[in-house]
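Report on one structure; see the data block that follows.
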Amino acid sequence: MNNIFVYIETEDGAIAEVSLELLTKGRQLATQLGVELEAALLGHNVAGMERELAAYGADVVWVADDEIFAPYRTLPHASVLSGLLKAEQPQIVLFGATSVGRDLAPRVSAALRTGLTADCTQLEIGPHTDEASGKEYENILYQIGPAFGGNVIATIITPDHRPQMATVREGVMRKELVEKAAAGQVKSIDWKSYLSPADMAVTIIDRQIDERKIDITGANIIVAGGYGMGSKKGFNLCYELAEVLGGEVGATRAATDAGWAEHERMIGQTGITVRPKLYIACGISGQLQHTAGMDSSATIISINSDANAPIHKIADYAIVGKVEEVIPKMIKYYKQNSK
Amino acid sequence: MNKALKIVVLAKQVPDTRNVGRDAMTPEGSVNRAALPAIFNPEDLNALEVALRLKDECVGSTVHILTMGPLRAADIIRDAMFRGADGGYLLTDRKFAGSDTLATSYALSCALRQIGADLIVAGRQAIDGDTAQVGPQVAGWLGLPQVTYAEEIEQIKDSSLVIRRRLEHGIEVVESPLPAVITVCSTAAEVRPQNARLILKYKYAATRSELIGDNESLRAEMVAERDYLNIVEFSASDVECDESQLGQAGSPTKVKMVEDVVFQAKESKVLTASDADIEGLMVELMASHTLG
């Protein structure tokens, strides 16, 4: 009771990265609160996955294994998960902000009559005092994330309703194996008791899911290009630098819209969030839309000929110069000094 | 021939957060929200187009907008009428103020029970919140199937729809019985433009509050004579609902703190494009193992 739950997403027999990232965060919060971390795994042929979930910190893995749960459909997952959460009464439930999590979590929040915060970038535990009533709360989940189109950072709380629910985007939290994994106690969900025939109403006729070909979220070094690269040919300088440095290429929305880079490389509010060791921003002005997806990179280098470009203000190294001049020099001096 | 459908489109008037220009920035580097124009939420326009296409295919169908907001939100209902919608409902009351997504979806679901619909279509998410929660929550309150991330209706059957969904890494085609809630994403077809004939027909459309103190005007006369110009206005008491579940009191989530995003100046090292600067940088990054 009053534990932390993470909804585990699977696709083609593999656990989604974001679910493992949430387990790592959930483990931290559970340890801080002195409660257990439980995973809810609804899928088909999922036996064995509990070991991986335990390796990322789950104390308990709840399993519903049947072909009706894969591929994902809203109603069976929502009814079974809502039923399980009503029975187990956790204090916190976390979901990935994927097309599955963003479909499922609000439906479950309506069923449980509780709050839900979308796209959190930080989750913390802390106290709260209600200003109107003076009522004090201990150990409330701070659900922190961008709001209002990324123009503000809001801290949302759910003081009087349980569970406190949040979704988190992939790549925002770090996943980490726990040092001493628990055995991963498996419990079966009594899923048949939570389902009604109406839950089978929607049927899947066809499904074409691509293997993800491009994935830059795990890259240590990202060379990102913006509209200031000038052209598709100019943008190729980013690829050259990334190749030499052993990194991946990212892009702003403007560069993606111009067709210079694939959609999967788009970083920012409407794209992905990255936090590499080194981020090299080439010809990027530094609008909030973009910086929201990269500003927690460990080291940021900006290259922009406009000395007043906002990107320079968040950079550790601000190079005021033309990309077509600076990038070839970076390649040259990297090669010269790495021998 | 396809059966006529009663379609309701959920829409929201939002501040345009996508293009925050210099004039909307305060000297401190934060956003002045009041300076942003109010627009029809972009994905709700995609939803409207999905609804209008169904209306084209299913003779006798109707499309109505349902929006919750202040009086000026009637603007988006008129905008939709200029594009082919038959009318709309404005859910407006101070009791709705401060609603989070759960309270908003509760109020909308109460209005929808009153209106009755074969199909409810909404944009996937609104640009001022990006939560994508209200559509699924409305479906939850009403106990209806939901199809999110819809891109196109591929087939209309007697009592069901075949719908293509656009997911992160591919597509999925599902068949859902009606009634249902569909949320539409931005890759769906763009909304049709306003139509000159429809602008002429509907330009006087108004809610009862918009006509207050306006009794003598041409508009008041027109609305009194022509029922299709009447935009229905619902207050909390007009829809059957539990008022404790509305507004701030009915919202489980509370905003504890809001910080403006400010460009924080780090201790940046400013460099030039000179050979000495770039070589120095690369050597420094290699020494600190940031590179290599």
Side-chain angles (χ1 to χ4, degrees), chain A residues 74-75 98-99 102-103 106-107 109-111 114-119 128 142 147-161 201-210 212 245 277-278 288 299 310 312-322 325-326 329-330 333-334 337-338, chain B residues 17-18 20 31 33 100-102 105 127-133 136-137 139-141 145-149 162 167-177 251-261 263-266 268-273 275 278-279 281-283 285-286 290-292:
Chain A
T74 310
L75 296 176
T98 58
S99 56
R102 287 161 66 90
D103 180 78
R107 183 97 192 185
S109 85
T114 191
L116 171 66
T117 305
D119 293 350
H128 174 65
Y142 293 177
F148 207 72
N151 296 305
V152 301
I153 301 290
T155 302
I156 308 292
I157 54 170
T158 310
D160 296 314
H161 296 68
V202 177
T203 52
I204 296 174
I205 295 174
D206 186 21
R207 220 163 171 272
Q208 291 167 24
I209 304 297
D210 305 331
R212 193 187 310 204
L245 301 181
K277 257 167 63 186
L278 177 62
L288 289 166
T299 301
H312 287 322
K313 296 196 182 126
I314 62 162
D316 300 276
Y317 301 94
I319 306 175
V320 181
K322 291 180 180 160
E325 198 180 327
V326 174
K329 284 186 185 176
M330 290 175 86
Y333 289 115
Y334 177 77
N337 288 285
S338 62
Chain B
T17 57
R18 294 168 308 172
V20 179
V31 174
R33 281 168 248 179
D100 70 359
T101 61
L102 191 73
S105 61
I127 56 169
D128 60 340
D130 291 326
T131 70
Q133 290 171 5
Q137 285 172 335
W141 285 108
Q146 70 190 45
V147 178
T148 55
Y149 294 85
V162 176
L167 307 177
E168 290 116 325
H169 309 304
I171 58 153
E172 186 178 271
V173 181
V174 301
E175 179 168 349
S176 173
S251 297
T253 61
K254 314 284 175 202
V255 178
K256 181 171 170 61
M257 192 170 67
V258 173
E259 290 169 279
D260 285 320
V261 173
F263 289 114
Q264 275 169 350
K266 279 192 192 177
S268 309
K269 241 186 215 181
V270 180
L271 307 172
T272 69
D275 285 80
I278 303 298
E279 181 163 21
L281 170 66
M282 298 316 269
V283 169
L285 291 173
M286 284 189 238
T290 304
L291 276 181

Worked verdict on A:Tyr334 versus B:Leu285 for side chain to side chain contact (heavy atoms under 4.5 Å, CB included) = CA-CA 10 Å; A:Tyr334 177 77; B:Leu285 291 173; over 6 Å; no
Under 4.5 Å from any heavy atom of chain B - which part of [X]:
X: A:Asp119; value: side chain
X: A:Ile156; value: both
X: A:Ala201; value: both
X: A:Thr74; value: side chain
X: A:Gln208; value: both

Checking heavy atoms, do the side chain of [X], its backbone, both or neither come under 4.5 Å from chain A?
X: B:Ser105; answer: neither
X: B:Ile171; answer: both
X: B:Val270; answer: both
X: B:Leu167; answer: both

Is a salt bridge present between A:Lys329 and B:Asp275, judged by a nitrogen-to-oxygen distance below 4.0 Å?
-> yes
Got a salt bridge between B:Asp100 and B:Lys254, using NZ or NE/NH1/NH2 to carboxylate O under 4.0 Å?
->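 Looking at B:Lys254 together with B:Asp100, the answer is no, because their closest N to O distance does not fall below 4.0 Å.
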Decide whether A:Arg107 and B:Gln146 meet the rule of one side-chain donor and one side-chain acceptor closer than 3.5 Å.
->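 Checked: A:Arg107/B:Gln146 side chains pair up, N/O donor to acceptor below 3.5 Å.
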Name the member of A:Leu278, A:Thr203, A:Val320, A:Thr117 that forms the most heavy-atom pairs with chain B at distances under 4.5 Å.
-> A:Thr203
Partner chain B: residue of A:Ile204, A:Thr158, A:Asp103, A:Thr98 with the largest heavy-atom pair count (under 4.5 Å) = A:Asp103
Find the one option among B:Pro145, B:Gly140, B:Gly129, B:Ser251 whose heavy-atom pairs under 4.5 Å with chain A are most numerous.
->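 Going by pairs under 4.5 Å, I would pick B:Gly140.
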Could you check which of B:Pro177, B:Ala273, B:Pro252 has the highest count of heavy-atom pairs closer than 4.5 Å to chain A?
->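 Among the listed options, the one with the most contacts to chain A is B:Pro252.
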Does B:Thr131 reach the main-chain N or O of B:Gln133 with its side chain, forming a donor-acceptor pair under 3.5 Å?
->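 Pair found, side chain donor or acceptor close to backbone of B:Gln133.
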Does NZ belonging to B:Lys256 count more than 12 external heavy atoms closer than 6.0 Å?
-> yes
To check you understand the geometry: which heavy-atom pair defines the closest contact between [X] and [Y], and what is its length?
X: B:Ser176; Y: A:Val202; answer: OG-CG2, 3.8 Å
X: B:Asp130; Y: A:Ala118; answer: O-CB, 4.4 Å
X: A:Ser99; Y: B:Glu168; answer: OG-OE1, 2.7 Å

